[in-house]
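In what follows, a single structure is set out as structure tokens and then discussed.
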Amino acid sequence: MNQLINTLNDNHITYTENEPMSAHTTFKIGGAADILITVNHIDELQTALGACKASDIPVMILGNGSNLLVSDNGIEGAVITLDGDFKEITVDGDIIISGAGAKLSRLCSVALENSLTGLEFAYGIPGSVGGAMYMNAGAYGGEMKDVALSVTALTPDGEIREVPAEELALGYRTSVFKTNGDIILFAKYKLAQGDPVAIKEKMDDVMNRRKTKQPLEYPSAGSVFKRPEGAFAGTLIEQCGLKGKTVGGAQVSEKHAGFIINIGGATCDDVMGLVKLVQETVKAETGYFLEREIIRTGRE
Ligand SMILES: Cc1cc2nc3c(=O)[nH]c(=O)nc-3n(C[C@H](O)[C@H](O)[C@H](O)COP(=O)(O)OP(=O)(O)OC[C@H]3O[C@@H](n4cnc5c(N)ncnc54)[C@H](O)[C@@H]3O)c2cc1C
Ligand SMILES: NC(=O)C1=CN([C@@H]2O[C@H](COP(=O)(O)OP(=O)(O)OC[C@H]3O[C@@H](n4cnc5c(N)ncnc54)[C@H](OP(=O)(O)O)[C@@H]3O)[C@@H](O)[C@H]2O)C=CC1
Ligand SMILES: C=C(O[C@H]1[C@H](O)[C@@H](CO)O[C@H](OP(=O)(O)OP(=O)(O)OC[C@H]2O[C@@H](n3ccc(=O)[nH]c3=O)[C@H](O)[C@@H]2O)[C@@H]1NC(C)=O)C(=O)O
């Protein structure tokens with residue numbers, strides 16, 4: 001770790017050691033990452049990655065931490081977050097180019113400011129552009145796949161390449177990034193000219209639906225489970241009488257059974273215990289297996 005820290009210091013790259021991940025996840029759960037590194041442009045990212053590789057330090061990329069359940073024992077190695085250049089958003093006609101570190105909500109606002117329609121569905125998803133491409137985030141009739149043109153990514157062997165959306169295997173809560181180890185740097189979206197009043201109305205509508213249906217008052221990572229074929233997880237969980245069920249500080253939301261919320265002091269183990277209880281009960285009572293979609297990461 002000392003060699004990495006020397007390199008970061010020599011290159012004026014920002015970092016903090018033993019950084020509590022509970023401060024960087026919407027669940028507000030998670031022990032410390034050995035080191036959290038913030039990079040502002042590609043050179044710093046490549047320098048940090050090179051130094052981690054030289055010292056055999058594992059690396060994980062952090063977006064907005066809104067689909068993450070981090071171990072109570074923290075994350076071994078380096079967590080890298082993308083700032084500076086990676087938060088830039090530019091518009092070129094009907095095309096928006098965004099850094100992976102930009103928040104989806106800001107991307108949606110830039111689209112509105114430029115009377116560009118197509119991203120309204122994403123307004124209210126509390127992720128970054130990088131995380132949204134990794135998960136192919138979607139809501140209210142749309143998903144990133146619908147508007148994605150390409151992603152520029154850094155491959156594990158250090159190559160920077162622009163990949164067309166058709167080659168990203170964007171599917172329901174999945175993409176090629178779940179398996180290929182690429183780091184998403186930028187994404188390009190193809191939108192269309194629209195009526196700013198109608199765009200704003202749609203954004204307000206999805207935000208209102210979200211506020212009405214989802215327990216935004218509590219820390220969570222959104223939906224815990226994918227929709228099983230031909231059913232809704234929330235309906236199944238509610239039918240099994242699990243609304244309000246708790247394990248420690250983790251609770252099946254009374255407002256939306258598809259969410260597990262942190263009602264105070266929840267640990268990663270609490271959430272995983274409740275996930276297991278829900279999966280076992282729903283399987284036994286309905287036959288459906290609920291596949292977890294939130295990402296558990298860090299030490300066992
Ligand atoms: C209240 C609430 C509501 C939500 N509603 C929705 C919804 O309607 N629809 C939906 O799809 N999701 C929803 N989510 C879940 C979450 O916001 C999305 O999954 C989002 O896309 C995660 O983005 P993130 O930046 O927070 O990713 P993180 O949680 O930080 O990371 C998720 C994964 O992506 C990887 N990753 C992140 N950035 C990069 C990068 N630049 N390069 C490579 N890998 C990267 C991480 O390593 C990790 O494996 C909700 C979450 C909450 C808390
Ligand atoms: N399980 C699977 O295989 C699939 C899952 N998905 C995912 O499910 C999520 C929801 O997508 P999807 O199923 O397409 O639609 P939604 O499940 O998001 O629709 C949910 C509700 O939102 C309302 N709604 C639908 N379209 C719109 C819209 N354009 N604007 C405003 N409100 C709308 C409707 O509510 P109301 O009836 O009250 O009007 C609908 O019941 C996404 O995250 C997507 O990724 C999508 C496709 C396949
Ligand atoms: C929150 C996320 O995305 C959300 C996204 O916001 C919403 C809206 O588009 O649609 C999905 O939720 P969802 O499947 O629960 O959709 P909703 O429209 O909220 O509910 C589906 C159905 O379940 C019913 N429902 C929901 C909750 C509940 O306690 N009881 C219940 O019966 C609803 O009445 C509705 O008929 C996404 N989740 C997944 C895994 O597909 C996320 O991925 O983290």
Side-chain angles (χ1 to χ4, degrees), residues 21 24-28 30 39 45 59-70 75 79-82 86-87 98-105 107 121-145 151-156 172-187 206-207 209-228 231-244 252-262 290-298:
M21 289 304 289
H24 300 275
T25 56
T26 51
F27 240 141
K28 300 200 183 321
V39 293
L45 175 60
V59 170
M60 179 199 151
I61 303 294
L62 173 67
N64 203 38
S66 65
N67 204 46
L68 286 184
L69 176 63
V70 175
I75 297 179
V79 170
I80 297 183
T81 185
L82 305 174
F86 299 111
K87 288 195 168 173
S98 174
K103 294 262 177 40
L104 267 187
S105 50
L107 182 70
F121 72 89
Y123 192 58
I125 297 175
S128 68
V129 166
M133 296 316 295
Y134 186 94
M135 298 300 304
N136 181 32
Y140 300 119
E143 47 193 8
M144 300 311 286
K145 177 179 182 177
V151 160
T152 298
L154 177 65
T155 64
Y172 175 50
R173 293 296 179 279
T174 192
S175 75
V176 68
F177 300 108
K178 284 198 168 179
T179 50
N180 71 0
D182 279 13
I183 296 175
I184 300 157
L185 303 175
F186 300 94
V206 293
M207 187 60 94
R209 285 166 186 272
R210 209 171 266 283
K211 284 195 178 120
T212 317
K213 292 185 180 177
Q214 300 180 353
L216 307 183
E217 317 77 32
Y218 289 94
S220 78
S223 294
V224 175
F225 307 102
K226 283 189 178 183
R227 289 178 176 178
F232 291 117
T235 310
L236 296 169
I237 297 168
E238 180 166 11
Q239 281 167 352
C240 293
L242 289 170
K243 271 192 169 180
V252 172
S253 167
E254 311 251 20
K255 190 170 182 184
H256 191 306
F259 285 61
I260 287 177
I261 55 176
N262 175 352
L290 295 183
E291 182 190 346
R292 176 167 52 82
E293 71 122 344
I294 60 172
I295 294 163
R296 187 214 175 278
T297 187

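This one's a predicted model, so the numbers in the text were calculated from it and none came from an experiment. Both ligands and their constituent atoms are indexed starting at 1 by order of listing.
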### Query
Measuring from Ile183:CD1 to Leu45:CG, what's the distance to the nearest 0.5 Å?
5.0 Å
Just to be sure I read this right, does ligand 3 sit under 4.0 Å from the backbone of [X], its side chain, both, or neither, counting only heavy atoms?
X	result
Met135	neither
Phe259	side chain
Gln214	side chain
Tyr140	both

Could you tell me whether [X] and ligand 1 have an N or O pair separated by under 3.5 Å?
X	result
Ile61	yes
Asn136	no
Met60	no
Ile184	yes

### Message
Need the ligand 3 atom indices (1-based, order shown) with element for anything under 4.0 Å from a heavy-atom of Phe225.
### Response
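In order of numbering, the contacting atoms are 40 (C).
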### Task
Report, in ascending order of atom number, the atoms of ligand 3 lying under 4.0 Å from any heavy atom of Tyr172.
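Those qualifying, in numeric order: 39 (C), 40 (C), 41 (O).
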### Task
With sequence neighbours excluded, tell me which residues meet side-chain contact (heavy atoms from CB on, under 4.5 Å) with Phe177.
Tyr134, Val151, Ala153, Leu168, Ser175, Asn180, Asp182, Ile184
### Message
Could you go through Tyr172 and Arg227, starting from their C-alpha distance and side-chain angles, then the distance that decides it, and tell me whether this counts as side chain to side chain contact (heavy atoms under 4.5 Å, CB included)?
### Response
CA-CA 9 Å; Tyr172 175 50; Arg227 289 178 176 178; 3.4 Å; yes
### Glu238 N/O to ligand 3 N/O under 3.5 Å
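There is such a contact, yes.
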### Message
Can you confirm, on distance only, whether ligand 3 has an N/O atom lying under 3.5 Å from any N/O atom belonging to Asn67?
### Response
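Looking only at distances, the answer is no, because the N/O contact criterion of under 3.5 Å is not met.
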Among [options], which residue places a heavy atom closest to [atom]?
atom	options	answer
atom 12 (N) of ligand 1	Ile295, Ile294, Ile125	Ile125
atom 8 (O) of ligand 1	His256, Arg210, Gln214	Arg210
atom 35 (C) of ligand 1	Phe259, Tyr134, Phe186	Tyr134
atom 23 (O) of ligand 3	Leu236, Thr235, Leu242	Thr235
atom 1 (C) of ligand 3	Ser223, Gly222, Ser253	Ser223

#### Entry: Glu293 bridged to Lys226 by N-O distance under 4.0 Å
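Not counted as a salt bridge, because no side-chain N and carboxylate O are separated by less than 4.0 Å.
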Relative to the heavy atoms of [X], which atoms of ligand 1 are at a distance of less than 4.0 Å?
X	answer
Ala137	11 (O), 21 (O)
Gly138	7 (C), 8 (O), 9 (N), 10 (C), 11 (O)
Ala100	41 (N)
Leu216	1 (C)
Leu82	41 (N)
Ala139	8 (O)
Asp182	43 (C)
Ser220	1 (C), 53 (C)

### Task
Could you list the residues that satisfy side-chain hydrogen bond (donor to acceptor under 3.5 Å, both in side chains) with Thr155, not counting sequence neighbours?
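So Thr155 forms a side-chain hydrogen bond (donor to acceptor under 3.5 Å, both in side chains) with Asp157.
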#### Entry: Closest contact, heavy atoms only, Lys28 versus Asn262
O-ND2, 3.8 Å
#### Entry: Contact check, Glu143 vs ligand 1, heavy-atom distance below 4.0 Å
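Flag not set, Glu143 not near ligand 1.
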### Task
Give the contacting part of Ala221 toward ligand 1: side chain, backbone, both or neither, where contact means a heavy-atom distance below 4.0 Å.
backbone
